[in-house]
Amino acid sequence: MPFTGSCAGRRSGCEWKLGKVQDEELGTLSRRALSPAVPPAEAAAWLEGLVSGSALLLLHRQELWAALDGWLSGLTRESFVEHLPLVRRAFADFSTSERRAMGERVKHLSSATARGGAKELMEELDPQRVARVLPVLSTILGVQLGEAG
C-alpha cells in the first residue's frame with residue numbers, strides 16, 4: 001500500500017535517524033519527493049513528514065536544502081501561494097532559534113560552498129532574486145531576517 005506524502009516523509013526521516021539512509025541517499029529521496037512530477041500538495045506533505053520535530057535534519061543536510069530550493073524555485077507563483085500554508089506548517093513546530101538559523105542559512109546561501117553530491121545542484125544566486133524572496137521566507141519561518149549579514 002503506498003504511503004501518503006506525510007507518512008513517506010516521516011519514514012525517510014526515521015530511516016535517516018536510524019542510519020538506514022545515508023546523507024547522499026536522503027538527497028536522492030528528497031529530489032524525487034520534491035520533483036516537479038510530484039503534485040505540490042504531496043511534496044509539501046512529504047517535507048512536513050520528513051522534518052517534523054527535526055529542524056537539525058534540515059539545517060545540516062546540504063542535499064536536502066538543494067532539493068528544497070529547487071522545488072520552491074520551480075513552483076509557479078500561483079502554486080507557491082496556494083501551497084504556502086502547507087510549507088509553512090512544515091516549519092511551524094520549530095523553535096524561534098531554529099527558524100532564525102534557517103533564515104540566516106538561506107540568507108547566506110550565495111556565499112556558502114556546496115559539498116558532496118549537491119555541488120552540481122547549486123548555482124550562483126542572483127542577489128536581486130534573493131532579496132525578493134527574503135520577505136516571503138520571513139513569513140514562512142515566522143521570523144524577521146536582519147538587514148546586516
Side-chain angles (χ1 to χ4, degrees), residues 1-110 112 114 116-118 121-123 125-126 129-147 149:
M1 181 174 183
F3 286 97
T4 64
S6 180
C7 290
R10 189 171 298 263
R11 177 181 162 197
S12 295
C14 288
E15 288 179 338
W16 178 82
K17 288 174 191 172
L18 293 171
K20 293 182 178 182
V21 172
Q22 300 303 312
D23 289 348
E24 188 172 312
E25 186 179 355
L26 180 63
T28 301
L29 291 170
S30 300
R31 287 188 297 279
R32 282 187 193 144
L34 300 174
S35 79
V38 176
E42 187 176 330
W46 182 88
L47 177 65
E48 180 182 7
L50 179 73
V51 301
S52 64
S54 185
L56 293 178
L57 174 65
L58 184 57
L59 277 170
H60 298 291
R61 300 294 166 258
Q62 182 61 36
E63 294 84 4
L64 181 54
W65 273 102
L68 179 58
D69 178 56
W71 176 63
L72 289 172
S73 299
L75 293 175
T76 64
R77 179 181 173 89
E78 294 78 23
S79 185
F80 179 80
V81 170
E82 178 183 346
H83 295 95
L84 182 59
L86 298 173
V87 174
R88 187 167 188 196
R89 189 171 65 198
F91 300 103
D93 291 333
F94 295 161
S95 70
T96 301
S97 62
E98 290 169 329
R99 288 183 281 164
R100 184 171 289 115
M102 284 185 217
E104 290 299 318
R105 176 151 186 199
V106 170
K107 183 177 166 184
H108 297 293
L109 272 178
S110 62
L121 295 175
M122 297 299 291
E123 298 176 5
L125 295 176
D126 178 356
R129 287 185 69 198
V130 171
R132 291 194 311 254
V133 170
L134 287 176
V136 175
L137 183 62
S138 290
T139 301
I140 291 172
L141 296 175
V143 297
Q144 290 289 53
L145 299 177
E147 297 277 328

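- To the nearest 0.5 Å, atom CD of residue E48 and atom CG of residue D93 are 8.0 Å apart.
- Closest heavy-atom contact between L75 and S79: CD2-OG, 3.7 Å.
- With contacts defined as side-chain heavy-atom distances shorter than 4.5 Å, the pair L29/L50 does not qualify.
- Residue I140 holds its CD1 atom at 14.0 Å from CZ of R89, rounded to the nearest 0.5 Å.
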Report the C-alpha distance between S52 and R10 in whole Å, list the side-chain angles of each, state the deciding distance to 0.1 Å, and finish with yes or no for side chain to side chain contact (heavy atoms under 4.5 Å, CB included). CA-CA 7 Å; S52 64; R10 189 171 298 263; 3.1 Å; yes
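- When side chains are defined from C-beta on, V87 does not count as touching F80, because their heavy atoms never get closer than 4.5 Å.
- The distance from the CZ atom of R105 to the CG atom of L59 is 7.0 Å, given to the nearest 0.5 Å.
- Counting only distance, with no hydrogens or angles, the side chain of R61 and the backbone of D23 share no donor-acceptor pair below 3.5 Å.
- Between V51 and A90, the closest heavy-atom pair is CG2-O, 3.6 Å.
- E15 meets the side-chain contact (heavy atoms from CB on, under 4.5 Å) test with R11, K20, V21; sequence neighbours excluded.
- Judged by distance alone, with hydrogens and angles left aside, the side-chain atoms of S73 form no donor-acceptor pair with the main-chain N or O of G70 at under 3.5 Å.
- Of all heavy-atom pairs spanning W46 and S12, the tightest one is NE1-OG, 3.9 Å.
- Heavy-atom minimum distance, Q22 versus G19: NE2-O, 3.1 Å.
- Partners of R32 according to the side chain to side chain donor-acceptor pair (under 3.5 Å) rule, which considers only residues two or more places apart in sequence or in another chain, do not exist here.
- For the pair E98 (side chain) and S95 (backbone), a donor-acceptor distance under 3.5 Å is present.
- Within the model, atoms OG of S138 and CZ of R99 stand 11.5 Å from one another, a figure rounded to the nearest 0.5 Å.
- Nearest heavy-atom pair, A43 versus V38, reported as atom, atom and distance to 0.1 Å: N-CG1, 3.8 Å.
- Interatomic distance, L58 CG to L47 CG, rounded to the nearest 0.5 Å: 7.0 Å.
- From L57, atom CG reaches atom CG of L26 across 5.5 Å, with rounding to the nearest 0.5 Å.
- Residues E82 and P40 have side chains not in contact (no heavy-atom distance under 4.5 Å, counting atoms from C-beta outward).
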